[in-house]
Chemist: 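The structure that follows is given in the form of structure tokens.
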Amino acid sequence: MDNYTESVHDVKVDSKESAFYVDAAKYWEQVPPTVDGMLGGLSSISDIDLKGSQRFLNSIYQLVECPGKERALDGGAGIGRVTQGFLMKNFPVVDLVEQDRQFLEEAKKALEPTKHKGQFFNIGLQKFIPEVGVYDIMWVQWVLGHLTDDDLISFFIRCKSGLKPKGLLVLKENLTSSGEVEMDNTDSSVTRPRALIIELIKKAGLRVVKEQKQQRFPNDLYEVRMFAIQPV
Ligand SMILES: C[S@@+](CC[C@H](N)C(=O)[O-])C[C@H]1O[C@@H](n2cnc3c(N)ncnc32)[C@H](O)[C@@H]1O
């Protein structure tokens with residue numbers, strides 16, 4: 001068996017975990033393991049999203065100090081929509097981190113008949129500790145609103161150690177236009193304004209090297225931006 005065994009790493013839920021995380025886990029437990037489920041009924045935007053991500057990744061590889069193309073991480077991977085639709089086309093090895101076991105099992109099932117190589121980690125990002133110095137790209141999409149500010153800073157710091165020397169962490173997230181943090185009690189998440197995201201990135205000792213707004217999304221959605229970030 002090689003390093004990229006397709007076993008699901010099991011990590012037990014901490015009983016002391018706060019209601020913010022427990023409520024989110026309960027919400028996702030009752031969501032169907034489908035693209036529609038992942039995108040809150042908006043599976044119609046999945047293709048546009050994946051194409052926008054590909055364009056952003058291409059622009060990253062035009063940077064002078066660009067990362068390698070060997071191994072990526074999909075953070076908050078759900079059923080593997082981003083892994084299968086985009087990351088796997090660029091990286092021979094893609095690891096998935098997802099707190100919901102059912103989603104991760106679905107991802108595993110969907111990826112089995114493909115050429116996918118990579119590990120599956122069944123754990124929340126607030127606890128995930130990446131292997132040191134192995135990732136060219138860590139792609140984290142539509143999940144960071146499930147982490148508290150403090151946990152997000154700690155997650156960013158752990159990601160720094162997971163990156164190869166020229167590696168990049170990429171965030172793709174909704175942003176509020178009100179300048180305020182907006183709480184969603186349905187799925188127990190927050191949506192942050194751009195300024196707060198930048199502040200948290202800086203607090204973790206990282207800097208934005210490239211930023212782009214996702215184009216062609218319906219106007220009634222939050223603005224979505226991608227940030228490629230690197231240790232200062
Ligand atoms: C909106 S879906 C996005 C899934 C995937 N990133 C995509 O774009 O298709 C949010 C995902 O984050 C997962 N999630 C929620 N809280 C999490 C946490 N604390 N750590 C890791 N994953 C989490 C959910 O289970 C769900 O799969």
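For ligands, and for the atoms within them, numbers begin at 1 and follow the listed sequence.
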Chemist: Leu125 to ligand 1: N or O pair under 3.5 Å?
Modeler: yes

Chemist: Would you mind listing which atoms of ligand 1 come within a distance below 4.0 Å of any non-hydrogen atom of Val82?
Modeler: 7 (C), 8 (O)

Chemist: Does a salt bridge link Arg81 with Asp49, judged by any charged N lying under 4.0 Å from a carboxylate O?
Modeler: yes

Chemist: Considering only the protein, which heavy-atom contact is closest to atom 1 (C) of ligand 1, and what is its distance?
Modeler: Met38 O, 3.0 Å

Chemist: Regarding Glu105 and Lys109, does a basic nitrogen lie under 4.0 Å from an acidic carboxylate oxygen?
Modeler: no

Chemist: Would you call Glu211-Arg194 a salt bridge at under 4.0 Å N-O?
Modeler: yes

Chemist: Test ring pair (Phe, Tyr, Trp, His ring centres under 6.0 Å) on Phe155 and Phe128; report intermediate values, then the result.
Modeler: CA-CA 8 Å; Phe155 171 68; Phe128 176 66; 7.3 Å; no

Chemist: Please report which non-hydrogen protein atom sits nearest to atom 5 (C) of ligand 1, along with the residue it belongs to and the distance in Å to one decimal place.
Modeler: Gly76 O, 3.2 Å

Chemist: Under a 4.0 angstrom heavy-atom cut-off, which atoms of ligand 1 come close to Phe103?
Modeler: 25 (O), 27 (O)

Chemist: Within the 4.0 Å heavy-atom shell around His146, which atoms of ligand 1 are there?
Modeler: 15 (C), 16 (N)

Chemist: Does atom NZ of Lys164 have more than 12 heavy-atom neighbours from other groups under 6.0 Å away?
Modeler: yes

Chemist: I need the atoms of ligand 1 closer than 4.0 Å to a non-hydrogen atom of Gly78, numbered in the order shown.
Modeler: 27 (O)

Chemist: Tell me whether Glu223 is salt-bridged to Arg225, with the criterion being a basic N under 4.0 Å from an acidic carboxylate O.
Modeler: yes

Chemist: State the atoms of ligand 1, each with its element, that fall below the 4.0 Å cut-off from a heavy-atom position in Leu147.
Modeler: 19 (N)

Chemist: For atom 27 (O) of ligand 1, which candidate among Arg81, Gln99, Glu98 provides the closest heavy atom?
Modeler: Glu98

Chemist: Do the side chains of Glu106 and Arg101 get close enough for a salt bridge, i.e. N-O under 4.0 angstrom?
Modeler: no

